[in-house]
Amino acid sequence: MQENTRKTLGKPQKPARPDTRKDPRSGVRSGARPDASKNARPDTRTEARPAVAVATATAAAEFQPIDIKPDSLAFCLVGAAQAVSYVLEGTALPMALSRVFTQTNALPQARGAIQDISYRTMRQVGRVDALIKVMASKTPEPALLYSLLCCSLTLLIGNEGEEHPAYEEFVVVDQAVTAATSSPHMVFAKGMVNAVLRRYLREKDDLLKLVMKQPAATWNYPQWWVDQCKTAYPQDWQAILSTGNHAPPMTLRINSRVTTVAAYLELLASKQIAASQIGPSAIKLAKPMPVQHIPGFEEGMASVQDAAAQLAAPLLDVQDGMRVLDACAAPGGKTGHLLELADIELLALDSDPARIQRIHDNLARLKLFATVKDGDASRTGWWDSKPYDRILADVPCTASGVVRRHPDSRWLRRKTDAAQLAALSARILDNLWHMLKPGGKMLMVTCSIWPLESEAQATAFVTRHGAIRLDAPGQMLPTLPTASAGNNEHDGLFYALFQKPLQN
């Protein structure tokens, strides 16, 4: 989801584009940690509180503003604060936002701004939490008040890579006080909100210098995440963490059955939409936009898909007539890409009935056909016993490589999640391997940067099964545009390609 939209004078303008990205790693049931898998069974363990300790004894009160304009920044601040409160209680951000939109009946314009502020705040929670602890004698209660301060301070600080603030400072302070006044749960603290925000503006250099001594405030990640990144990537850990705090790019995959990259770039240019090619079928938009404004989107000319994710389908080298399995397929981005490359017999499998509908929707938009089935990739009950020529296994993971798209996950994840999800992924890979023809190929994909879920998983799989490991990118770290790398920008994914030995 690209949630970054420009606004001025407290008046949200265009809504952020709808969430069309693949969302297996954070779109989960309310009250659950983000389930990194599309095929993982629900986690019934006791919910752990996020890494940022919010000392509030009561749950977040629902958003019930009084006498507040529905197109004002104050309205959007309260809505975002409500969403952040739900996240800090353990709900994934997409579900939290959906809950807030239902409660408030917010207009599309306000929804875009609420979403934008919420995502910005999730990228700054470590820093604003440290600031609040310095400026307030105790953690503000209720949780809604604490979250309002988090959202307001986030707007005053700004996000990494942002040239100009989203709002003027005086507008943020004024509208934050209005937001506190408008809610019966916060009206008693309007003076405190005003005092904290004005103190930050007066002393921001000294305050930031003080809190930046804390790793969680410096990097905006839990301490264990910072430590784990240092261990895994001693040379690159700072760049990796920094990249995760930037808003993600909006990258399109051009449908080769309908048009060419060159022709589509000409179409964008005719609409005064700046874009550049960053992969064989990948075009990066200079500025994100709502999908309904993307030329030819509804006609299936293009799909939203990260440049790194676009490598999956070509790596499998599908040919006409092949029998192919896309395991853990929802929402269908890679499914569509496989079908764009060849005339194949494809089964798209997923265990989440709600997300399966998104596969159907994507196939309908692209005017492509696949058999879509509800099934658990770690089991065999759905299989017809006929082996596959190719298998795409997009296995469960912590989604640590796409944290800039899912900034809430860093606060909802636990250090032990990687090991538990790696164990589930191993069961899936072992199960699918038996369904592959001798000489066939299986591609393992994760959107994780933790070696336990990527390289260690692939190495252990080869040892267990004697699989032939073919050339593949391996670990791809998340990147930003640089002078040396050009405009190429992508998420952090891992690829391992295996071939099944021919039987004697």
Side-chain angles (χ1 to χ4, degrees), residues 20-22 38 251-265 267 277-284 294 296-350 358-373 377 386-395 432 435-437 439-447 470-473 476 488 490-491 493-500:
T20 57
R21 59 179 167 81
K22 181 178 181 180
K38 296 153 285 183
T251 305
L252 306 180
R253 184 189 76 242
I254 306 309
N255 185 352
S256 59
R257 288 184 178 267
V258 178
T259 186
T260 64
V261 170
Y264 193 78
L265 283 171
L267 174 61
Q277 183 174 0
I278 61 171
S281 300
I283 288 178
K284 176 184 166 184
I294 298 174
F297 181 83
E298 293 300 331
E299 292 74 28
M301 295 178 68
S303 299
V304 178
Q305 188 180 39
D306 182 74
Q310 292 188 34
L311 299 179
L315 280 168
L316 268 179
D317 186 31
V318 292
Q319 305 294 325
D320 290 351
M322 281 186 172
R323 179 175 162 87
V324 180
L325 170 65
D326 182 3
C328 317
K334 296 181 180 69
T335 303
H337 199 185
L338 287 166
L339 293 167
E340 290 168 8
L341 295 179
D343 294 321
I344 56 178
E345 179 188 343
L346 189 145
L347 171 63
L349 183 76
D350 203 274
R358 296 182 65 189
I359 303 176
H360 288 294
D361 293 343
N362 274 317
L363 291 175
R365 183 180 60 81
L366 294 169
K367 300 177 178 61
L368 297 171
F369 173 79
T371 300
V372 181
K373 185 174 289 187
K386 297 178 182 179
Y388 294 95
D389 298 287
R390 299 286 189 269
I391 296 177
L392 174 58
D394 193 349
V395 294
L432 297 179
M435 303 176 184
L436 185 66
K437 288 181 180 179
K441 298 176 183 179
M442 182 169 78
L443 181 66
M444 169 193 161
V445 187
T446 78
C447 58
L470 304 178
D471 287 341
M476 302 176 67
N488 190 21
H490 57 72
D491 291 337
L493 273 73
F494 175 83
Y495 287 103
L497 183 61
F498 310 110
Q499 186 170 35
K500 197 168 191 176

Visitor: I need the M444 CE to D394 CG distance, nearest 0.5 Å.
Guide: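 Reported to 0.5 Å precision, the distance equals 10.0 Å.
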
Visitor: Check L432 against A393 and note the closest heavy-atom contact, atom names and distance.
Guide: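 So the two residues come closest at CD1-CB, 3.8 Å.
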
Visitor: Return the minimal non-hydrogen interatomic distance between P331 and N362, and the atom names on each side.
Guide: O-ND2, 2.7 Å

Visitor: I'd like to know if the side chain of Y264 and the backbone of R253 have a donor-acceptor N/O pair within less than 3.5 Å.
Guide: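 No, the answer is negative, given that no donor and acceptor are paired below the 3.5 Å cut-off.
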
Visitor: Minimum heavy-atom separation for L341 and P314, please, with both atom names.
Guide: CD1-N, 3.8 Å

Visitor: Is the backbone of L436 close enough, under 3.5 Å, to the side chain of K500 for a donor and an acceptor to pair up by distance?
Guide: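 Present.
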
Visitor: Do you know which two heavy atoms are closest between L493 and A309, and how far apart they sit?
Guide: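 Nearest pair, atom of L493 first, then A309: CD2-CA, 3.8 Å.
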
Visitor: Whether the side chain of R365 engages the backbone of F297 through a donor-acceptor N/O pair (distance < 3.5 Å, no angle test) should be reported.
Guide: yes

Visitor: Ignoring hydrogens and angles, tell me if any N or O in the side chain of D320 forms a donor-acceptor pair with the backbone of D343 under 3.5 Å.
Guide: yes

Visitor: Drop me the distance from I254's CD1 to S303's OG, to the nearest 0.5 angstrom.
Guide: 8.5 Å

Visitor: Going from OG on S281 to NE2 on H337, what distance comes out if it is rounded to the nearest 0.5 angstrom?
Guide: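 One finds 5.0 Å between OG of S281 and NE2 of H337.
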
Visitor: Roughly how far apart are L347 CG and T335 OG1, rounded to 0.5 Å?
Guide: 9.5 Å

Visitor: Please check: side-chain N/O of D389 versus main-chain N/O of V324, any donor-acceptor pairing under 3.5 Å?
Guide: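 Side chain of D389 to backbone of V324: no pair is present.
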
Visitor: Give a yes or no answer on whether the side chain of Q310 reaches the backbone of Q305 with a donor-acceptor pair at less than 3.5 Å.
Guide: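 It does hold such a pair.
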
Visitor: Donor-acceptor check, side chain of R390 to backbone of L316, threshold 3.5 angstrom: yes or no?
Guide: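 Between the backbone of L316 and the side chain of R390 there is a qualifying donor-acceptor contact (under 3.5 Å).
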
Visitor: Within the distance-only criterion (no hydrogens, no angle test), does the side chain of R323 pair as donor or acceptor with the backbone N or O of K386 below 3.5 angstrom?
Guide: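 Yes, R323 side chain to K386 backbone: donor-acceptor pair under 3.5 Å.
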
Visitor: May I ask you to decide if L339's main-chain N or O and R257's side chain share a donor-acceptor pair within less than 3.5 Å?
Guide: yes

Visitor: Kindly compute the distance separating SG (C447) from CE (M476), expressed to the nearest 0.5 Å.
Guide: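 Reported to 0.5 Å precision, the distance equals 12.5 Å.
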
Visitor: At what distance, to the nearest 0.5 angstrom, does CG of N255 lie from OG1 of T260?
Guide: 11.5 Å

Visitor: Would you check if the side chain of D326 reaches a backbone N or O of L346 as a donor-acceptor pair within less than 3.5 Å?
Guide: no

Visitor: Which heavy atom of T251 sits nearest a heavy atom of A307, and at what distance?
Guide: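 So the two residues come closest at CG2-N, 3.9 Å.
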
Visitor: Closest heavy-atom contact between V258 and G300?
Guide: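 Here V258 and G300 meet closest at CG2-O, 4.0 Å.
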
